[in-house]
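Note that the structure is a prediction, hence the values are computed from the model and not measured.
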Amino acid sequence: MESSDVTGWETAVLDGGPADGLRMKVSDRPRVIQVTYPCRVEAPPEAGVRADAVFVYRRDFQVKSEPLRYGFDVASP
């Protein structure tokens with residue numbers, strides 16, 4: 001029995017886009033992973049304003065074993 005069978009966590013890797021090659025542990029094989037990167041804002045820090053760029057990765061359902069693969073979705077959001 002593999003450790004992922006016991007813990008429920010599996011290794012996944014992101015393909016393409018800004019997070020290409022990023023490896024992580026996922027639980028329950030999510031269909032989509034969202035990655036965010038902070039953006040610089042032209043507001044004073046005390047304004048409390050923040051902006052993040054959002055990138056979406058979709059699971060490759062043909063991959064059945066670790067590492068699971070998630071491909072960059074250029075069309076979203």
Among pairs that include at least one residue of residues 27-48, which meet salt bridge (Lys or Arg N to Asp or Glu O under 4.0 Å), considering only residues two or more places apart or in two chains? E10-R29
Close side-chain approach of L14 to R23, heavy-atom, < 4.5 Å: no
Spacing of CG belonging to L68 relative to CD1 belonging to I33, to within rounding of 0.5 Å: 8.5 Å
For a 4.5 angstrom cut-off between non-hydrogen side-chain atoms, does L22 reach V13? no
Closest contact, heavy atoms only, A53 versus C39: N-SG, 3.6 Å
List the atom of R59, the atom of P30, and the distance in Å for their closest heavy-atom pair. CD-O, 3.6 Å
Residues passing the ring pair (Phe, Tyr, Trp, His ring centres under 6.0 Å) test with Y57, sequence neighbours excluded, are F72
Mind checking whether Y37 and M24 sit in one hydrophobic cluster, side chains of I, L, V, M, F, W, Y counted as touching below 4.5 Å? yes
What residues, two or more places apart in sequence or in another chain, satisfy salt bridge (charged side-chain N to carboxylate O under 4.0 Å, His left out) together with D15? R69
What are the two closest heavy atoms between A51 and V41, and how far apart are they? CB-CG1, 3.8 Å
Which residues share a side chain to side chain donor-acceptor pair (under 3.5 Å) with D52, sequence neighbours left out: R50
If we ignore hydrogens and angles and just use 3.5 Å, is the side chain of Y70 paired with the main-chain N or O of V56 as donor and acceptor? no
Please determine whether residues F61 and V26 belong to a single hydrophobic cluster, defined as Ile, Leu, Val, Met, Phe, Trp and Tyr linked transitively by side-chain heavy-atom distances below 4.5 Å. no
